[in-house]
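What follows is a set of notes on a single structure, which appears directly below.
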Protein chains: 2
Amino acid sequence: MAKDITRERIVAAALELLDEEGMDALTVRALAARLDVRAPTLYWHVHNKQELLDEMATAVMRQVTDALAGIPAGADWREDLAAYARVLRAEYLSRRDGARIFSGTRLADPQVIRMKEPLLERWVTASGWTPVEADDAIDLVTAFVVGFVIEEQEKRQSAESDPERYSVAEREAWLGEGTPLVKEAGRLRDDGDPRFERHLGIVLDGLGARSA
Amino acid sequence: MAKDITRERIVAAALELLDEEGMDALTVRALAARLDVRAPTLYWHVHNKQELLDEMATAVMRQVTDALAGIPAGADWREDLAAYARVLRAEYLSRRDGARIFSGTRLADPQVIRMKEPLLERWVTASGWTPVEADDAIDLVTAFVVGFVIEEQEKRQSAESDPERYSVAEREAWLGEGTPLVKEAGRLRDDGDPRFERHLGIVLDGLGARSA
DNA sequence: ACCTGAACACCGTTCAAGT
DNA sequence: ACCTGAACACCGTTCAAGT
């Protein structure tokens, strides 16, 4: 009997399962159980697990384009790029290991690439950028966000599983003697939004310096 | 009888296997076979597979510190940071999926963190940076390199498995109508070293703008 | 058209038994 | 101290069989 299983429902359930249990627990059997169905059923709707993972990545990136479409055009390229960076980070952060799992995945959906067009157009006409400069700007910010969030999520999850390793005292004992500056930097180190905004600002400064 | 299996030999063989066959083929049994031994033997030397993966990540990062130690101090922070970025990229590139697999992994070895000290010291004394600025600089460059190489390796591997998708004509058909700037950027797009150096330069410009 | 039970080859890991 | 055979619970995937 039909149970109304669709690709979309499978992908949505897979993302939920990933968030709740992690990548290792995302098995075809567990996913089927969550949809109240046996494992082979899923192969009627999806060719194999890799295709499912690709669909998940596409769904995540589509959320980025949707969020981006809901944001009004900024006053200049800097505002546009900052908005893009924040949306991308928020989306990666919203899923367990989001940045590591979903970055750089071959995209199954041209729509995701096409989202670049309105941004490129604005910067080429209003800011006098070449298409290459505009494309560089998106890719460079993307690379920065991916690297930043990978480290951010890794640290957050290590702090959960191993809290004392991240106390200042434990860390300094672990580092041993002779690294005063590393320790001082560790004590002054911030994280989360302020750190992201600061680093993002530096990247955007670099892009601005190039145009000038 | 003893077969002279050591943690070091296991980790080295695991890295070879990863490069040759990829992550999915890196199984305990296949690794044991490569070392001419049965699977349970490895559990005498390593607690479990996760510990092996951690050791692999540490070995990769140790290569970075070793390479870095072999490089003379640059004339200023910019040269030092560029050298660091190139070493990190080269090391990630040298292993299959290196950036995705080995970035942001909790490091089992304090030595890797301690490598920061000489760099921080030079920049704080010679360039007048605060420890936070110096620490930011390393982390920001690290994030950029990670994001850059993840995309670089992903694209390289997609191009191997699906060559026609990466021809200009195929790509433009796939994108459909109405994205002239995305297409133009795609035609002009470079890759490899020149692209890396250009993007790295922008990041370093940003760090320089902050100091001034 | 859609779902299932049974089966296949494989996985990480444990453990008693060998040397 | 170091290695192995046998076994366990589990995995992705296939396929004939059900409705």
Side-chain angles (χ1 to χ4, degrees), chain A residues 1-59 96-97 100-102 105-106 108 157 161-162, chain B residues 1-59 96-97 100-102 105-106 108 157 161-162:
Chain A
M1 71 232 164
K3 296 203 179 178
D4 206 34
I5 304 292
T6 64
R7 269 175 96 89
E8 291 70 34
R9 286 192 60 214
I10 292 174
V11 170
L15 286 169
E16 288 173 22
L17 190 54
L18 169 66
D19 286 345
E20 292 170 21
E21 311 279 352
M23 196 59 170
D24 289 348
L26 177 57
T27 70
V28 175
R29 282 170 227 265
L31 180 57
R34 169 176 283 258
L35 291 162
D36 201 31
V37 104
R38 301 318 134 231
T41 300
L42 301 187
Y43 288 85
W44 180 264
H45 303 275
V46 175
H47 279 105
N48 52 42
K49 189 175 183 180
Q50 186 55 55
E51 186 178 291
L52 172 63
L53 295 174
D54 291 349
E55 287 288 343
M56 290 168 68
T58 301
R96 158 125 46 155
D97 291 329
R100 162 163 284 130
I101 295 172
F102 297 117
T105 44
R106 56 242 146 279
Q157 136 172 357
S161 66
D162 193 3
Chain B
M1 74 251 171
K3 295 202 178 176
D4 206 32
I5 305 292
T6 63
R7 268 174 95 90
E8 291 70 36
R9 285 192 61 215
I10 293 174
V11 170
L15 285 169
E16 287 173 22
L17 190 54
L18 169 67
D19 286 345
E20 290 170 22
E21 311 280 352
M23 195 60 172
D24 289 349
L26 177 57
T27 69
V28 174
R29 282 171 228 265
L31 180 57
R34 170 176 283 256
L35 291 162
D36 201 32
V37 103
R38 300 318 134 233
T41 300
L42 301 188
Y43 288 85
W44 179 263
H45 302 275
V46 176
H47 279 105
N48 50 44
K49 190 175 183 179
Q50 186 54 56
E51 186 177 292
L52 172 64
L53 295 174
D54 291 349
E55 287 287 345
M56 290 167 69
T58 301
R96 158 125 49 153
D97 290 328
R100 163 161 284 129
I101 295 173
F102 297 118
T105 42
R106 57 243 148 277
Q157 137 173 356
S161 65
D162 191 4

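Quick note on labels: first sequence line is chain A, next is B, and so on, each numbered from 1.
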>> Evaluate B/Leu18 against B/Phe102 for side-chain contact (heavy atoms from CB on, under 4.5 Å), listing each step before the verdict.
In response: CA-CA 12 Å; B/Leu18 169 67; B/Phe102 297 118; 3.7 Å; yes
>> Apply side-chain contact (heavy atoms from CB on, under 4.5 Å) to residues A/Met56 and A/Leu26 and explain how you reach the verdict.
In response: CA-CA 12 Å; A/Met56 290 168 68; A/Leu26 177 57; 3.8 Å; yes
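Look at CG on A/Asp24: it is 10 Å from P on C/dT13, rounded to the nearest Å. One atom, CG of A/Leu31, and another, P of C/dC3, lie 13 Å apart when rounded to the nearest Å. Per the geometry, CG belonging to B/Asp36 stands 8 Å off P belonging to D/dT4, to the nearest Å. The nearest whole Å value for the distance from the CG atom in B/Asn48 to the P atom in C/dC11 is 17 Å. Summarising the geometry, the separation between NE2 on A/His47 and P on D/dC15 is reported as 13 Å, rounded to the nearest angstrom. Whole-Å rounding puts the B/Lys49 NZ to C/dT14 P distance at 14 Å. Atom CG in B/Leu35 sits about 14 Å away from atom C1' in D/dC2, given to the nearest Å. Counting to the nearest Å, the C1' atom of C/dT14 and the CG atom of B/Leu42 are 14 Å from each other.
The distance from the CE atom of A/Met23 to the CG atom of A/Leu17 is 10.5 Å, given to the nearest 0.5 Å. For the atom pair A/Gln157 CD and A/Arg100 CZ, the distance stands at 8.5 Å (nearest 0.5 Å). Residue A/Thr58 holds its OG1 atom at 11.0 Å from CG of A/Leu53, rounded to the nearest 0.5 Å.
With hydrogens and angles disregarded, a donor-acceptor distance shorter than 3.5 Å links the side chain of A/Lys3 to the backbone of A/Asp36. With hydrogens and angles ignored, the 3.5 Å screen pairs a side-chain donor or acceptor of A/Glu51 with a backbone N or O of A/His47. In this structure, B/Arg7 contributes its side chain and B/His45 its backbone to a donor-acceptor pair below 3.5 Å. Judged purely by atom type and a 3.5 angstrom limit, B/Arg9 uses its side chain to pair as donor or acceptor with the backbone of B/Asp4.
Among the atoms of the strands shown, only primed sugar atoms or phosphate atoms (P, OP1, OP2) are found under 4.0 Å from some heavy atom of B/Thr27.
For a distance-only test at 3.5 Å, the side chain of B/Arg38 fails to qualify as a donor-acceptor partner of the base of D/dG5.
Residues A/Ala39 and A/Arg29 each lie close to DNA chain C; by heavy-atom proximity, the contact nearer the 5' end of the strand is made by A/Ala39. With DNA chain D read from its 5' end, the first of the two nearest nucleotides for A/Pro40 and A/Ala25 is the one closest to A/Ala25.
Distance from the side chain of B/Lys3 is smallest for D/dT4 among the nucleotides D/dT4, C/dT4, D/dT14. Ranking C/dC3, D/dT13, D/dC3 by closeness to the B/Val37 side chain, first place goes to D/dC3.
Contact annotation: B/Trp44 reaches the phosphate of D/dC2 (side-chain N/O to OP1 or OP2, under 4.0 Å).
Base-pairing analysis of DNA chain C finds the following stems of at least three consecutive Watson-Crick or G-U pairs, with both pairing distances under 3.5 Å: C:4-8 with D:12-16, C:12-16 with D:4-8.
Residues from residues 4-17 of chain A that place a heavy atom under 4.0 Å from any atom of DNA chain C, listed by number: A/Asp4, A/Ile5.
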